[in-house]
Amino acid sequence: MDKHYDPGRIEAAVQRRWEDTAVFRATEDPGREKFYCLSMFPYPSGKLHMGHVRNYTIGDVITRYQRMQGRNVLQPMGWDAFGLPAENAAMDNGVPPSTWTRENIAYMKQQLKSLGFALDWERELATCDPDYYKWNQWLFLRMLEKGIAYKTTQVVNWDPVDQTVLANEQVIDGRGWRTGAPVEKREIPGYYLGITRYAEELLADLDNLPGWPERVRTMQANWIGKSFGVRFAFPCEIDGREEKLWVFTTRADTIMGVTFCAVAAEHPLAERAARDNPELAAFVEECKQGTVMEADLATLEKKGMPTGIFVTHPLSGEQIEVWVANYVLMAYGEGAVMAVPAHDERDFAFAKDQGLAIKQVIAIPGKDFSTDAWRDWYADKESGVCVHSGKYDGLTYDEATDAIAADLEALGLGEKQVQWRLRDWGVSRQRYWGCPIPIIHCQACGDVPVPDEQLPVVLPDDCVPDGSGNPLNKREDFVNVDCPRCGQPARRETDTMDTFVDSSWYFARYCCPDNNDVMVDERVDYWMPVDQYIGGIEHAILHLLYSRFWTKVMRDEGLLKCGEPFQRLLTQGMVLNEIFYRHPQGGRISYYNPADVEIKTDAKGQRSGVLLKEDGEPVQSGGIGTMSKSKNNGVDPQSLIERYGADTARFFMMFASHPEQTLEWSDTGVEGAYRFLKRLWAFCVDNENIIKNYHTANMGQGLAWKDAPDLIKKLRHEIHTLLSQANFDFDKYQFNTVASACMKMLNVLERNPETIKGVSVTPADYGWKLLEESLSLLLRVLSTISPHISDTLWQELGYGEDILAAPWPEPDATALVRDEIELVVQVNGKLRGKVTVPADAAKEEIESEALANENVGRFVSGREIKKIIVVPKRLVNIVVA
RNA sequence: GCCGGAGUGGCGGAAUUGGUAGACGCGCCAGACUCAAAAUCUGGUUCAGGCAACUGAGUGUGGGUUCAAGUCCCUCCUCCGGCACCA
């Protein structure tokens with residue numbers, strides 16, 4: 001054995017062996033229980049970042065754990081290869097996105113390999129491969145046939161200078177990122193997928209996902225947003241014709257309090273009214289400025305204008321004026337709302353602003369409408385009753401809603417309805433680097449689907465975008481085709497699909513990536529669903545919801561047997577690092593990488609100053625933030641691996657915090673992880689002969705643990721307790737405490753050298769036996785986190801050929817039992833002493849022991865004991881007057 | 001604005017799920033080794049008081065429930081993630 005721990009050498013050797021023997025290749029085996037462990041595939045942006053390292057380490061730890069539990073494990077990897085950054089890089093460097101993407105994939109793949117992940121690389125896929133995206137197109141056509149996919153108009157961000165559609169990300173403060181021109185909303189045609197058809201099932205099935213974090217399920221449920229209410233109409237007369245203004249409300253019980261109606265700027269009524277009202281037309285235009293981002297819309301100052309159009313209240317017959325308001329969203333419900341300022345926050349603010357009437361129609365016993373905040377009234381559906389509402393007076397929320405819905409229905413003006421917040425999924429993108437939408441536009445035949453036998457529609461991979469729209473429009477060889485129906489010249493659709501389509505089913509394709517005849521084959525039934533999915537919390541809604549939807553579509557198409565793609569979900573937290581900057585007066589702010597900064601501390605270890613290494617002058621701390629290019633606070637995993645090795649990187653990542661929590665970067669923390677692995681190596685070198693001899697000569701074979709000396713029993717108890725805790729934590733995916741359990745085990749062994757070397761025990765073999773067993777437990781637990789060092793030591797010390805084949809260690813129940821336990825004694829809930837009692841001591845015995853404690857006596861004497869609470873195996877609490 | 005989450009020593013984080021707050025690690029202090037430094041090892045380290053035994057305070061804020069609250073309930077504050085064309 002090498003005297004020194006040399007991660008570079010041992011990691012390369014171990015990785016080579018794994019590769020040579022193809023140990024991580026997964027094969028279907030119906031006789032064995034499978035475990036499909038999947039981490040979200042990376043976007044090939046150039047090189048791995050710490051978030052990737054964290055994500056894939058978590059996945060790898062779980063994979064290796066399941067493998068040692070005896071499961072047939074699949075852990076694949078691929079590339080989410082289409083997307084905007086490749087187009088940006090193309091603009092910057094003049095290189096086609098395909099070239100840039102392929103180069104990045106090659107580099108990042110080599111990085112992933114150097115981290116020692118137990119991946120089956122034979123199943124690798126990239127979403128920009130025609131073999132992959134062919135099936136996006138194929139399933140899209142199936143959806144088109146079923147009417148799940150359809151064409152309508154969509155509202156997009158439009159840059160009037162570049163004459164191009166902008167992604168939300170490309171809109172900075174309401175302006176185009178390259179031109180600086182104010183962004184406009186524009187309506188263009190596009191394809192949608194009818195995810196709302198599955199809304200009910202997507203919501204209901206959340207209850208069948210106990211392996212998902214509660215918060216993700218809640219977020220999805222809120223996103224889907226099922227609400228019960230009434231859809232009804234205000235009749236009106238427009239240009240001499242009878243029309244109806246439809247609205248939806250969840251508070252039909254307040255219908256008698258309506259004092260105005262509000263519609264979105266895009267609503268037909270608004271556009272009609274704007275026709276002969278220049279002022280209103282200007283306002284409608286103003287509303288169309290800005291972005292389509294909901295976060296921006298929601299924080300806009302509430303503005304509105306009257307249309308001059310009046311509608312008739314369906315129940316009271318009152319004339320109600322219609323307003324255009326910027327807070328009404330065309331995309332939700334009917335794009336129009338009834339306004340009840342007395343009982344709705346936004347309506348109230350708007351009415352106050354515009355001087356509109358506020359009419360109370362709900363009363364809550366014990367509350368005064370004129371003084372209590374309106375807010376409480378709206379939130380409280382339970383205790384209110386109708387007032388000033390004619391025949392509905394005195395009815396509760398439920399009674400009033402039923403009565404009003406019935407009356408509206410009788411008039412043919414409304415009915416109860418379920419409303420969803422979820423909108424259909426717009427998948428058309430006016431961008432080059434994506435999967436072509438398989439449609440051909442023919443003057444005679446209209447929009448014609450590309451026939452299956454012509455799939456895939458291959459994306460030309462040599463375009464270089466220049467920022468002025470989709471370069472596919474200029475590719476005559478791509479655009480000009482014959483209509484598949486009539487044979488006449490036609491134009492190919494140049495929009496590509498949202499990249500979320502690519503990532504909505506890749507997990508199924510991993511099961512059979514080599515089959516080019518079908519989307520998925522029978523192997524998918526063995527592996528799917530994914531048993532454990534791991535990825536960033538930022539994907540909690542969109543990606544996960546789209547994947548669930550796509551899975552259900554595939555199921556209904558007969559391609560999958562399961563309706564949910566991911567059994568268990570782990571959402572990992574972000575990787576953070578401190579931000580350092582200087583902001584010279586009148587100058588530009590500049591950020592400094594933490595690696596270039598030196599932190600001064602005082603005698604207590606508290607920070608006293610932060611200096612830039614280069615010039616020794618102070619820099620400011622901007623707090624902690626996610627690692628990003630813009631804040632220059634990223635740490636390159638590559639340098640970390642080169643300096644300390646993958647095992648250290650992995651260990652630190654797991655040790656620094658719970659997978660679901662944010663992880664704060666720390667150079668010294670990495671040093672600590674490295675120190676631990678070095679210590680472990682040195683410890684094994686030091687005891688190499690004992691363990692080897694033990695294995696070759698079977699020295700402890702005849703010894704039984706039950707006859708061991710007390711000292712051995714005590715240490716063994718400690719080791720097995722730690723193992724038991726590690727196992728418990730493993731189930732909770734709390735790998736930080738698993739890592740610390742490994743450290744604690746080594747601490748126990750290191751602090752008792754006499755015992756494990758057999759110096760202080762007779763027979764000495766008991767010490768060796770304890771050492772051999774403890775290390776075998778430690779190495780196996782550690783092998784999930786830092787596999788290279790564990791594997792190497794396992795082999796070197798003669799435990800076996802391959803730690804991967806070793807079973808997961810379980811604690812020995814007899815080692816966990818103790819004869820005596822220490823109990824905490826409290827007086828009035830405050831810790832006053834400790835007593836040691838037999839494990840099976842009776843309550844009376846424990847009480848008298850506790851009272852006999854000297855320090856306890858000081859707090860009890862002279863006072864009346866009201867009661868004594870004994871919590872078995874924990875504590876005694878003496879309550880005194 | 002809406003939805004979701006998090007606040008514990010100088011720092012990252014533990015706390016058997018209502019039962020010893022601060023495990024483990026980092027940093028810092030002292031010591032050993034060394035001509036010296038690095039590395040390594042040993043001891044100490046929540047704050048305040050005390051030579052010590054020990055005592056008091058303490059888990060973002062303010063209140064409540066309980067024999068007992070970091071953990072449960074209510075109020076407020078701060079920070080983070082998502083908001084449908086970033087992935």
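Order of the sequence lines fixes the chain letters, A, B, ..., with proteins taken first and strands second; residue numbering starts at 1 for each chain.
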Need one value for [X]: base, sugar-phosphate or nothing, where a base atom within 4.0 Å counts as base even if backbone is also close, heavy atoms only.
| X | answer |
| --- | --- |
| Gln826(A) | base |
| Lys732(A) | base |
| Phe500(A) | base |
| Lys866(A) | nothing |
| Val171(A) | nothing |
| Gln734(A) | sugar-phosphate |
| Asn877(A) | base |
| His543(A) | nothing |
| Leu875(A) | base |
| Gln725(A) | nothing |
| Thr299(A) | base |
| Ala295(A) | base |
| Glu664(A) | sugar-phosphate |
| Glu671(A) | nothing |

Legend entry - 5' priority, RNA chain B, between Arg215(A) and Arg423(A) [closest heavy atom]: Arg215(A)
Inset, instruction - Tell me which of Arg421(A) and Glu214(A) sits closer to the 5' end of RNA chain B, going by the nucleotide each one is nearest to. - result: Glu214(A)
[M] and [N], which share atom name [atom1], separated by this distance in whole Å:
| N | M | atom1 | value |
| --- | --- | --- | --- |
| G19(B) | C33(B) | P | 47 Å |
| A48(B) | A68(B) | P | 29 Å |
| A23(B) | U61(B) | C1' | 28 Å |
| G22(B) | G70(B) | C1' | 11 Å |
| C79(B) | C29(B) | C1' | 33 Å |

Legend entry - Lys NZ or Arg CZ of Arg832(A) over Phe859(A) ring: under 6.0 Å, within 45°: yes
Inset, instruction - Determine which pairs satisfy side-chain hydrogen bond (donor to acceptor under 3.5 Å, both in side chains) with at least one residue from residues 745-754 of chain A, sequence neighbours left out, and list them in order. - result: Arg679(A)-Asn747(A), Arg679(A)-Glu750(A)
Inset, instruction - Report, as yes or no, whether the 6.0 Å neighbourhood of atom NZ on Lys185(A) holds more than 12 heavy atoms from other residues, nucleotides or ligands. - result: yes
Legend entry - side-chain N/O Asn736(A) vs G12(B) OP1/OP2, d < 4.0 Å: no
Legend entry - Glycosidic class, syn or anti, of U17(B) using a 90° window around 0: syn
Legend entry - Nucleotide pairing, RNA chain B (Watson-Crick or G-U, distances under 3.5 Å), in dot-bracket with [ ] and |: (((((((..(((......[....)))((((((.......))))))((((....))))..(.(((..]....))).))))))))....
Legend entry - Sequence-aligned protein contact record of nucleotides 38-55 of chain B, with B where the base is within under 4.0 Å of a protein heavy atom and S where only the sugar-phosphate is: --SS------------SS
